Amino acid sequence: LGTDDQGRDQFSRLVHGGRFSMFIGIIGVLITFPLGLIIGGISGYFGGWTDSVIMRFAEVLMTFPGIYLLVTLGSVLPPGLTSTQRFLLIVVITSIISWAGLARVIRGQVLSIKEREFVQAARAMGGKPIYIIIRHILPQTATYVIISATLAVPGFIGAEAVLSLIGLGIQQPDPSWGNMLSLASNASIVVLQPWLIWPPAVLIILTVLSFNLLGDGLRDALDPRSLGR
């Protein structure tokens, strides 16, 4: 794979940078999805004013343009942070406020699931609402959650690439697939040094395809309706 303009080995940087890209995607999902599941489950189960307040708040969060929010966050963070700490803090903040879309979908599923017989039986036996939501209702949304999670991880990896391109992501000399791919903005590098561009691009594409295939496989394995096929 050659070396870059500073004599650094490309293969070593690809392997080392993969840790940042994959870690960022997994951290984003681990923060976003539990929040979306719990908040969406509470909203759909209790209904009434609780549902109205949560959904109106979620709609407000969904109106924020993502790229402008990231640029704003990048400009107000403390200057003493390393590039890794800076980007991870942005990922944590954006993950906390990006649960709204998942919560809306989970809320719709919970509205139908809570009327089923096993939920009514658990309620009749004195089960507490939070226990019923976590133990009986949310597991019924596992198929959708698995697919969404496997699609969300590549989304965070792609976001890292975009942020690195505009100077808010992992900064040099720390490598990531995103800031290695950002060299593509220089036309001369694309023409004269393509080995600096294609490897991170191929790895990002393969990662996205891998997570999509993993999601399809897990869906088929965990969906009880597909077992008899």
Side-chain angles (χ1 to χ4, degrees), residues 13-41 58 61-62 64-67 69-71 73-74 83-109 134 138-166 168-171 174-182 184 197-223 226:
R13 287 175 59 79
L14 283 171
V15 174
H16 187 74
R19 300 189 306 170
F20 288 111
S21 297
M22 298 293 291
F23 181 75
I24 286 167
I26 294 172
I27 286 295
V29 168
L30 290 179
I31 296 173
T32 301
F33 274 68
L35 282 174
L37 282 169
I38 297 297
I39 296 174
L61 289 180
M62 293 174 68
F64 285 104
I67 188 66
L69 176 62
L70 293 176
V71 171
L73 289 174
S83 62
T84 304
Q85 293 172 336
R86 184 183 186 86
F87 186 72
L88 286 178
L89 187 57
I90 291 176
V91 169
V92 170
I93 295 173
T94 53
S95 298
I96 291 175
I97 65 174
S98 54
W99 52 262
L102 176 65
R104 285 180 63 86
V105 177
I106 296 299
R107 174 249 187 191
Q109 295 186 359
I134 296 176
L138 292 183
Q140 302 300 313
T141 66
T143 300
Y144 173 80
V145 171
I146 290 171
I147 300 301
S148 298
T150 53
L151 294 176
V153 172
F156 279 100
I157 295 175
E160 186 271 326
V162 173
L163 289 174
S164 295
L165 184 63
I166 62 177
L168 293 178
I170 305 297
Q171 301 296 311
D174 296 326
S176 74
W177 294 344
N179 65 18
M180 294 176 73
L181 186 60
S182 66
I197 305 301
W198 290 109
V202 170
L203 285 177
I204 291 175
I205 293 171
L206 290 177
T207 301
V208 171
L209 290 176
S210 298
F211 274 102
N212 289 343
L213 292 174
L214 175 63
D216 289 340
L218 290 174
R219 180 194 60 191
D220 294 338
L222 297 178
D223 189 357
S226 66

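Atom set for the values below is all heavy atoms of this structure, side chains included, hydrogens, waters and symmetry mates excluded. These numbers were taken from a predicted model, which means no experiment stands behind them.
- Legend: residues meeting side chain to side chain contact (heavy atoms under 4.5 Å, CB included) with Thr207, ordered by chain and number and at least two apart, are Met22, Ile157, Trp177, Phe211.
- For Ile134, the side chain to side chain contact (heavy atoms under 4.5 Å, CB included) partners two or more places apart in sequence, or in a different chain, are Ile38, Ile130.
- To the nearest 0.5 Å, atom CD1 of residue Ile26 and atom CD1 of residue Ile31 are 12.0 Å apart.
- Distance check, rounded to the nearest 0.5 Å: CG of Leu35 to CG of Leu30 gives 11.0 Å.
- Between Met180 and Ile197, the shortest heavy-atom contact is O-CD1, 4.5 Å.
- The stretch residues 88-105 participates, sequence neighbours left out, in these salt bridge (Lys or Arg N to Asp or Glu O under 4.0 Å) pairs: Glu59-Arg104.
- When all heavy atoms are compared, the tightest approach of Val29 to Ala152 is CG2-CB, 3.8 Å.
- Shortest non-hydrogen contact noted between Leu37 and Thr141 is CD2-OG1, 4.0 Å.
- Rounding to the nearest 0.5 Å places CG of Leu209 at 12.0 Å from CD1 of Ile204.
- For Val15, the side chain to side chain contact (heavy atoms under 4.5 Å, CB included) partners two or more places apart in sequence, or in a different chain, are Phe11.
- Ser95 and Gly28 get closest at one heavy-atom pair: OG-CA, 3.4 Å.
- For the atom pair Ser176 OG and Arg19 CZ, the distance stands at 12.0 Å (nearest 0.5 Å).
- Under the side chain to side chain contact (heavy atoms under 4.5 Å, CB included) criterion, Leu102 pairs with Phe33, Ile106, Tyr144, sequence neighbours left out.
- Listed here is the closest heavy atom pair of Ala100 and Ala58: CB-O, 3.4 Å.
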